Structures are given as structure tokens and as C-alpha cells.
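The model shown is predicted, which means the values in this text are computed figures rather than measured ones. Only heavy atoms go into these numbers, but all of them, side chains included; no hydrogens, no water, no symmetry mates.
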Number of protein chains: 2
Amino acid sequence: MQEENSHLYNRIAYTIENQIYNDVLKIGDRLPSVRIMSKEHGVSISTILQAYYMLESKGLIEARPQSGYYIRFSPRKFPQIPIMSQPKSLLTRNNAEDIIGEVYSGIADESLMKFSLSVPSQELLPIAKLNKAVTESMRCLPGSGTTYENIQGNEKLRRQIAKWAIHWDGKLTHEDIVTTAGCMNALSFSLMAVAEKGDTIAVESPTYFGILQLANNLGLKVLELPTDPQTGINPDTIKKILATNKIKALLLISNFNNPLTSIIPDDNKKEIVRLIEQYNVPLIEDDIYGDVYFGKGRPKTCKTFDTSGLVLWCGSVSKTLAPGYRVGWVAPGRYLEKIKRLKMYHAVSSPSLQQEAIARFLENGRYEHHLRKLRNTLHANSLQYTRAISEYFPEATRISRPEGGFLLWMELKKTINTYDLFREAIKHNISISPGRMFTLQDQYNHCLRLSYGLTWNEKTDNSLRILGDLVRQQWKSM
Amino acid sequence: MQEENSHLYNRIAYTIENQIYNDVLKIGDRLPSVRIMSKEHGVSISTILQAYYMLESKGLIEARPQSGYYIRFSPRKFPQIPIMSQPKSLLTRNNAEDIIGEVYSGIADESLMKFSLSVPSQELLPIAKLNKAVTESMRCLPGSGTTYENIQGNEKLRRQIAKWAIHWDGKLTHEDIVTTAGCMNALSFSLMAVAEKGDTIAVESPTYFGILQLANNLGLKVLELPTDPQTGINPDTIKKILATNKIKALLLISNFNNPLTSIIPDDNKKEIVRLIEQYNVPLIEDDIYGDVYFGKGRPKTCKTFDTSGLVLWCGSVSKTLAPGYRVGWVAPGRYLEKIKRLKMYHAVSSPSLQQEAIARFLENGRYEHHLRKLRNTLHANSLQYTRAISEYFPEATRISRPEGGFLLWMELKKTINTYDLFREAIKHNISISPGRMFTLQDQYNHCLRLSYGLTWNEKTDNSLRILGDLVRQQWKSM
């Protein structure tokens, strides 16, 4: 019953949102009363109230006492999204590592407004339920989890991950999966499995700094490719660089890229897989954000279209359940044996407790239930943040328009240096991620990444206002 | 009071053991009655009973009903220990990896007598107390351990490890330590920090197969050095190979080497550290067995004598508390920043729960209490196993004489192949580790490693008898 209701109010809210976007409903317009809507749609009053409440939480409508609901903001008024990236092609390095170090050095400070961290805030995590799952696991595991876990990973967890893959048309069994210490560890083993020191890999640009630093650390050269903030990397781009025969592997964040928030359309994913098969080049797919979609269904993955075992699909629960549990995985296709050995040599096995706890959480529908709530909150957050930024920041600010994930990628005026902005903001206890972190070249200095994983409230709103003021000051002074 | 008593009966048992060893007391001799001993030593009857019980548990004396205690076995009668190893110097590889895979594939089989596994059996672990510590940790950690832990590692744990280092005269603070996913992960980061693909490292021979396979996997060449089963690697050997200037790093298991069980005397450790300082070559020290000593005190480490930061000291609780927790650490000296970055890029952070739980366990003396029991049991086991083997195996069998750890290293007749023996033994549900696993060369085919971490009882005794019979069959047939 609750399930059905949830679908109903979602559908009604979605319809109204569309009407606002298409200017059928304009800012200042009054919405039909709850009673009338209830009659028109043949649903209960509480369903309409839930739909209105949802739109209100997204900042699109507002209730005026004794009067009713009014349109407050249109998604159409959102700032422009950033243009296609044009990364510099030099294979050089510089001081991104130092900036990363500086941004993350203060991360334990409780008083800091951490727009810099791409994780859900603690209030969004199902902590009590996870604790229960850990306690259950202690009771049920052999030796209460003190003995070595299966090297490939807890079998129950691998079965659940394989089952979950149905959501993106994945055809996996537990034998195809190796568990890891979070997604980063999955990427690390994957890179070690497919490339050697001196090899060149190709990535989106900008991309997650952890990937760039890891590649750097392994002695790999990194080619940063032009990436569209909405549709991600283009198959044509992939084709061109594969044709050079100089690329040992691709590494893509296919869904809700960090930091660009782009998502590669499913047809393009299919074409990309066709291309890597043609050129026999492995693709490491970081799908860590895939479950946090705001649209109607789970986007597919490149792995969905993989028939040759060339896609190493990586994921984790660090963005949805418990970053600190360090539970991740990889389905490495034809590199399975290599990855199993890498895991054995570098870490022997992963802790049992957290793997078993996550398996139990996935097993009985708790994950699906939690995700539905998380997605709604994050979607609402993304709109609230965007609206606030469009109010507080200079008009020429460009912002990405995420359809999932935690992040906004912003482009300011070219003359603004976001590392300077970071240093100013930190004085106000606000932490952001300067664009320079997300590349190995000297670029994106006028860009920044902002996480909306923090709860939306007066304090976040106010922090964005301060940030906007700081930007305006720099904007004017040049 | 209990403390004092424990020292007393230990001392009395030690004195008698010495007398047996020196033939002052001979096999078949009757020991003085408990009453007389009590009077002579001026201690309580229960103290004498405990001393006798201890000697009995080691298999050295036996109680005969209505008669008293009699000498049953002399440590002097132990089989000869293996001779100094003479590893082949070729830098080639072959099929150790396959043997390792085969030995470990059956490791989850509950019915298997796992002499092949170098871990304490579950009954020796303080599981209930660890569970309590995990529950406490869930209650106290921010977000119950769901949020990212400090990248360098849980601070409380690092403080406890630093404090614990006093036992081997270590001068560490929590800032000097990085926590890892077990000791293997500490070795992996350490190797990545000090050497690159193509470099050569030097190790003891035989040595732990995980180290050899890891080095292999990282593209490192491995020089296996002659090692004495009692005193380990000789400083002269180290000096000679350092003088060639071809060694990028040393990796030694300084205390109770796996599989040889050798321990480098503290003076030699000091000299080795002097040499690596002279040649400016880093030493990765695997001290995973250091706390499991049978003698009077904790042996020192190479790190004890390190003033230049060239020693990367690695450890874990996998051999003493909970293999499955994956809690290990490294104090990397001058490589600290490099190791912190490696950890960040390859795994971000380690799970909070287990780190916090172990910290709590160390904090309040529970660890010391547990170790005392564990050491006594393992010491008794080592003697029981050795006595049994000397009874069941051909007389010419050589066995190492461990002063700590879990392992026995055995040399059979040169014509016996212990991989064949492994395959025979597995049919009887007995698993052993063939010597071939512990080298990258084609050698040690007539050696094997046996763990005495399994509880000593009729079943283990019987399994050793079967193993002895299998060896005798091979022995005769050639």
C-alpha cells in the first residue's frame, strides 16, 4: 500500500515539475487546492499533500499561510551548464597533489561546512540498521569474524551484488565478483591488472583526483579526454584515441561522473563497448554513483553490454551506506584470476564483519527502501543548492545539472582562481574542492566542485550565500 | 598475587626442564613429590602442581597414578635442526604459485587438519572479549564507524601500538605509524615505497611465500640469501650483498621467521642496521611473530636500533588476536609520507570498527593477559608436536627448534618430494605446506612447513602419526 502511494505522489509531483519547467505553470502562479487536485486525480488528499511537500522540499513551490501553494522557482531558470571540457594534452604534472593534501588535511574538523566531500552526511545513513546488521553478523559468522574471510570475498555479499546487478541488466554470478576495500581499492587492483609502469591510460577530464593520483603513483601516463558535462565522453573521441594504438586502458566514471556529473547515454555506452572490443582495450568502469539516480530507473553500465570480458566494473556502498566500512567490489571479466591474486598478495582478504553486514542489508530489501529515501533527499538537495547558487553567485556562473550523485561542477569567470577562493572560504569555515584537483594539467583553475550531500538547512543556505559573496568580490576585483 | 605465582611456577618448571635437558634428570626418573618440592622451594603445593602441570602439557613428564611424576621425554632427544640453507642464486621463476593456489584452495574445508595454516586455531582467540570491544566501538565511534576513518589510521590504535613498542625498546609515537589491512598490506605498501619494477630486493631463504609472490607481482627481482634455521641471516652475508650495490631493499622476518623459525640475535640486528645505514639501503622488517616468544622476554627488532629512519617496521594482530579483522601497521621511518599517500590512493582508509576494537583491547591490559596464555599453549604445542614427529617420522628427519611463533620447518630425505606428500596427505584430510612454496627457485622440494597453531589433542597426534607413515612409505620406496 505504502509502495503504491509512493509511486502515485511521485508521479503527480513529476507532472507538476514538468509543467513548471515548460512554463505552463509560471513563478507566482497559484497551484490548484489540495481538495480539487485530489478530486481531479482521484487520489487521497494525503497523496496530493505528499506531492506538494516534495515539490516544496525541492524549492519549486512554497506554501503561503491561509492562501495555498505558489510556484516559487522554475528549473528552467537554472544557470547555464558548463561547456565541453578542453583539457590540455601535455603529459606533465604539477601541484594538484599539494592542493588535495591541503583540502583534505582539515577534513576531521567538525565545525567545517564540508562542501568538499563527496559523501552523504551522517544523517542520511541508516546507522541504527547497519549496527543491527553488524551485531547479527558477529553472532553468525564463524569465529565472529575473527578468522580469515574467503579471499575472493564474503560469498553472501557476492551473491547479493550479483543479484542487485539485475537493476542495470547485468548478468553476473557471485563467481564473477571480487570484493575490495572500497571502490578506490577496486580501481587500484584493476589498474594494476591491466597496465604497467610507463603505459598510458585515458580518462575523462576533469575526473576524480584519486584516480589521477593513483595512476600517477603507479607510474602510468594519463591522457585526459574532452568530456561533456551532460553526456560525458563521446564514442568518437574514444574511437580516435583507440585508433592511435597508444592507450593501454580506459578508465571512465560512466554514471554521474565525479566531478562533472555527466552520464554517458546508454546507447553511447554500448558503442563504447563495441569500440574497446574492436581494439581489444580493457575498460575500467567506475560505477560508484550508479544507484543514486534521480530519474525513473537505474542507468545501465558499460558492463551491461560487455560480452568479451573487457569491462572491469567497479562499485561500492561508500556513497550510499557506509564510507567507513570500506566495502567495494569489482567484476573484472577476463581479469578475474589476476585480480584475485592481486588481492591475495596485497591484502590477503577483506574484513568479514562489514561484508557480512552489508550482505544482510542488501538481502532483505532494506537497501532498496533506504535508496529511495536517499535519492529523493539528494534530488531535492541538488535543486535547492542550484537555486541558492543561482541567487547568490554572479549571473555568468555555469553549473552542471546532475541527474544523480552528490555533486555540482561550477565554472566561474576565467580570471577567478578557485584555490584562492578555497583559502578565503576556509576562513569562514567553508571547504570546497578547487577545480585544479581534478586534472594533472594546469587547468580548471576557475572551476570548483561542490557536494550537496550535506543536509539542506539554513546553515547550508547561509554558507552558499557567503561563498557567493566571496566569488562576487573576486569577480569585481579583476 | 596471581602474577607473582605465575612467575614462580614458571621459574620452577624452567629449572626442571633444564635439568632434563642436561641429563641431570633422565627419562624414567621419578620427580620429587609435590610435598617435598613445596618444602624445598618454600612455595605452596599448588605452585608446584602448576609447574608440574606445565611440564606435563609440554610432554616432558607424565603422572603415573598412585606413584608420582616421571620424566617422559628430553628436549635433548629432539631431532636435529635443519642445516644452513643454500638457496640457488638464479633469478628465475616457476610453479610455486600453482602449489600455493592448490594448498589454499581447500582451506575453507572444515574437516581438513590444517597443518598448512600459520594461524592460531579459533579456540586460542579471545573471541567473546573481541566481540565486546566491537560492540563498545560501535557505541563510541562517530557514526558508529560508518564514516571515513583518519587516513593514517585510527589514532587510539596508533597510540596503543606506539605504547606497546616499549616491549622491544621501540621509540615510537602515534605520528610514526600508519595502519594497514594486516601485515601483508603493510609489506605491500613498504615494497611499493622503496622499490620499483626491475629493482632487486634481498630476502631470507626460505621465506614466506606471500612476500615472494608479492615481489614477483610488483615486477621486482628477488635474491634469496642463505639463512640459518636458528640465527637467521648473518650480518656478513648482508654486508657482502650490500657491497655489490645491486640491492634496492632488504626484507627480513627478524623474529621467528616464517617458515624457518629462525630469530636474528639482537646483536646481529644491531649490526645489520649499522650496515644498511652505511650503504643507505632500506630494510623492511616483518615482525608479525615478535609477540609470540617462548623465552623470558620480547626479542628486540631491527627498528630498535634504527636511528636513521631506514627501517620500515611492519606488524599486525593477525597471529595473536584476529586474522579476519585485517588490522596491521607499519612504522615506515623516513618513508612515512610516501606510505600515507600510498594508503590514500590504494584504499583511502581502513575500517574504523576493527581498529577501534583492537585499540580498546590493547588499552586495558587484556592483550598482555591473552598473550601470556597464548604463548604458554603454543610453547607446549611446539614441544608436543616435535616429540610426536620424532616418534613417528624417520630418524633422519630434521626439525627446526622454534623459540616462538607457530611453525616447524622440516627437512626430509633429499629424494622425498613434499608436494607429492601433500597430495597423499590431503587424501587423509591432512594439509601441509610443501617447501617449494617458500622460494622462487626449484629447491626445498624435500622440505615442509607445519603449523602447531592447532589445538594439541588425540586427533592432531593421530594426524601426525599418519603423516609420519606416509613419509616412511616414500622414504622406503626410494
With sequence neighbours excluded, what pairs up with A/T179 under the side-chain hydrogen bond (donor to acceptor under 3.5 Å, both in side chains) test? A/K343, A/Q355

All pairs passing salt bridge (charged side-chain N to carboxylate O under 4.0 Å, His left out) where residues 344-361 of chain A contributes a residue, at least two apart: A/E136-A/R360, A/K156-A/E356, A/E356-A/R360

Roughly how far, to the nearest 0.5 Å, is the OH atom of A/Y325 from the OG1 atom of B/T147? 10.5 Å

Interatomic distance, B/S352 atom OG to A/Q354 atom CD [nearest 0.5 angstrom]: 8.5 Å

Would you check if B/E97 and A/R341 make a side-chain contact, meaning some heavy-atom pair closer than 4.5 Å? yes

Approximate separation, where rounding is to 0.5 Å, of A/M344 CE and B/I100 CD1: 6.0 Å

To the nearest 0.5 Å, how far apart are CG in B/N217 and CG in A/L342? 4.5 Å

For residues 145-154 of chain A, pull every pair meeting salt bridge (charged side-chain N to carboxylate O under 4.0 Å, His left out), keeping only residues two or more places apart or in separate chains. none

Under the side-chain contact (heavy atoms from CB on, under 4.5 Å) criterion, do A/H346 and B/M192 qualify, and how do the steps go? CA-CA 11 Å; A/H346 288 269; B/M192 286 199 260; 4.0 Å; yes

Measuring heavy-atom distances to chain B, does A/L212 have an atom under 4.5 Å in its side chain, in its backbone, in both, or in neither? neither

Give the interface residues of residues 113-123 of chain A toward chain B, defined by a heavy-atom separation under 4.5 Å. A/V119, A/Q122

Could you tell me which portion of B/N131 (side chain, backbone, both or neither) has an atom closer than 4.5 angstrom to a non-hydrogen atom of chain A? both

Would you find more than 12 non-hydrogen atoms of other residues, nucleotides or ligands less than 6.0 Å from A/K132 atom NZ? no

Quick check for you: among A/G182, A/P323, A/A347, which has the greatest number of heavy-atom pairs under 4.5 Å with chain B? A/P323

Side chain, backbone, both or neither: which part of B/L218 has a non-hydrogen atom closer than 4.5 Å to chain A? side chain

Sort B/R139 into side chain, backbone, both or neither according to what part of it lies under 4.5 angstrom from a heavy atom of chain A. neither

If you take all heavy atoms of A/Q213 and B/Y345, which pair is closest and at what distance? CB-CE2, 3.2 Å

Quick one, A/S350 with B/R326, criterion side-chain contact (heavy atoms from CB on, under 4.5 Å). Give me CA distance, side-chain angles, the key distance, then yes/no. CA-CA 7 Å; A/S350 316; B/R326 310 310 302 127; 5.7 Å; no

